[in-house]
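Nothing fancy with the numbering, it's 1 onward along the sequence. Atoms considered below: every heavy atom in the structure, side chains included; atoms not considered: hydrogens, waters and symmetry mates.
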Amino acid sequence: MHRIRLAGLAVAATAAAVTLTGCSVITAFVPHVDSAIYADMKEFTPSATSAFGSPTFLPDDATIIRVDYDTQGRGAIMTYASPTHFKAGTCDKPAKIATPDIKDSWWPLEGTATDGFSCPGGWTAVAIGAQVYASIPTSPTR
């Protein structure tokens with residue numbers, strides 16, 4: 001009877017250990033995404049945006065700036081409204097925007113790469129009307 005009880009405890013302990021270990025392994029593969037919303041460029045300061053690379057291509061008239069960024073990688077997606085789209089002299093070279101690793105309901109670009117522009121800091125962006133969508137790929141190190 002004593003052996004059965006010990007065997008039961010061993011099985012329960014093993015199951016608990018596997019469950020806890022499994023959680024930490026799964027957590028390693030789940031993106032750690034945080035988000036931020038800025039009313040305008042007055043709030044979009046380098047210190048406020050350092051977690052996702054402080055993009056320098058946004059024009060002074062950019063408003064309602066939304067960003068989702070990976071806190072453990074470097075990936076991010078961003079959108080903002082601006083009739084001028086980009087700061088002058090930036091985002092001039094054509095580039096494809098691949099589907100980003102980070103997803104959100106406001107990100108409209110699904111599936112194949114979209115024609116856009118290469119921007120400073122490794123960002124790529126596309127303007128759809130007065131709305132701009134930009135992304136930077138996830139990397140293993142910041």
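- Across all non-hydrogen atoms, the minimal contact from I97 to A125 is CD1-C, 3.2 Å.
- Considering only heavy atoms from C-beta on, Y80 stays 4.5 Å or farther from P55 through its side chain.
- The disulfide (SG to SG under 2.5 Å) contacts involving residues 34-89 comprise nothing, where partners must be two or more places apart or lie in separate chains.
- No donor-acceptor pair under 3.5 Å is formed between the side chain of K93 and the backbone N or O of T90.
- Formation of a donor-acceptor pair under 3.5 Å by the Y38 side chain with backbone atoms of A48 is found in this model.
- A donor-acceptor contact shorter than 3.5 Å is absent between the side chain of Q131 and the backbone of T79.
- In this structure, D115 CG and K96 NZ are separated by 3.5 Å, a value rounded to the nearest 0.5 Å.
- Here the side chains of P120 and C91 are in contact, with some heavy-atom distance below 4.5 Å.
- The aromatic rings of F52 and F44 sit tilted, their planes meeting at an angle between 30° and 60°.
- Although no hydrogens or angles enter the test, the distance criterion places no donor-acceptor pair under 3.5 Å between the side chain of H85 and the main chain of L58.
- Rounding to the nearest 0.5 Å gives a distance of 7.0 Å between CG of D104 and OG of S35.
- For S118 against T124, the heavy-atom pair with the smallest separation is CA-CG2, 4.4 Å.
- Scanning all heavy atoms of the two residues, the minimum distance from I128 to P108 falls at CD1-CG, 4.4 Å.
- Aromatic ring pairs are classed by plane angle as parallel below 30°, tilted from 30° to 60° and perpendicular above 60°; the pair F86 and F117 is perpendicular.
- Between S135 and I77, the shortest heavy-atom distance links the atoms CB-CG2, 4.0 Å.
- Side-chain atoms of Y69 and V33, non-hydrogen and from C-beta on, never get closer than 4.5 Å to each other.
- Counting only distance, with no hydrogens or angles, the side chain of T71 and the backbone of H32 share a donor-acceptor pair below 3.5 Å.
- Atom CH2 of residue W123 and atom CZ of residue F57 lie 5.5 Å apart, to the nearest 0.5 angstrom.
- The minimum heavy-atom distance linking A134 with W107 is given by the pair O-CZ3, 3.3 Å.
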In a table with atom names and distances, give each donor-acceptor pair under 3.5 Å that connects a side chain of residues 61-68 to protein atoms at least two apart or in another chain.
residue : atom : partner : partner atom : Å
D61     : OD1  : S82     : OG           : 2.7
D61     : OD1  : T84     : OG1          : 2.9
D61     : OD2  : T84     : OG1          : 3.1

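- For the atom pair NZ (K42) and CG (D60), the distance works out to 10.5 Å, reported to the nearest 0.5 Å.
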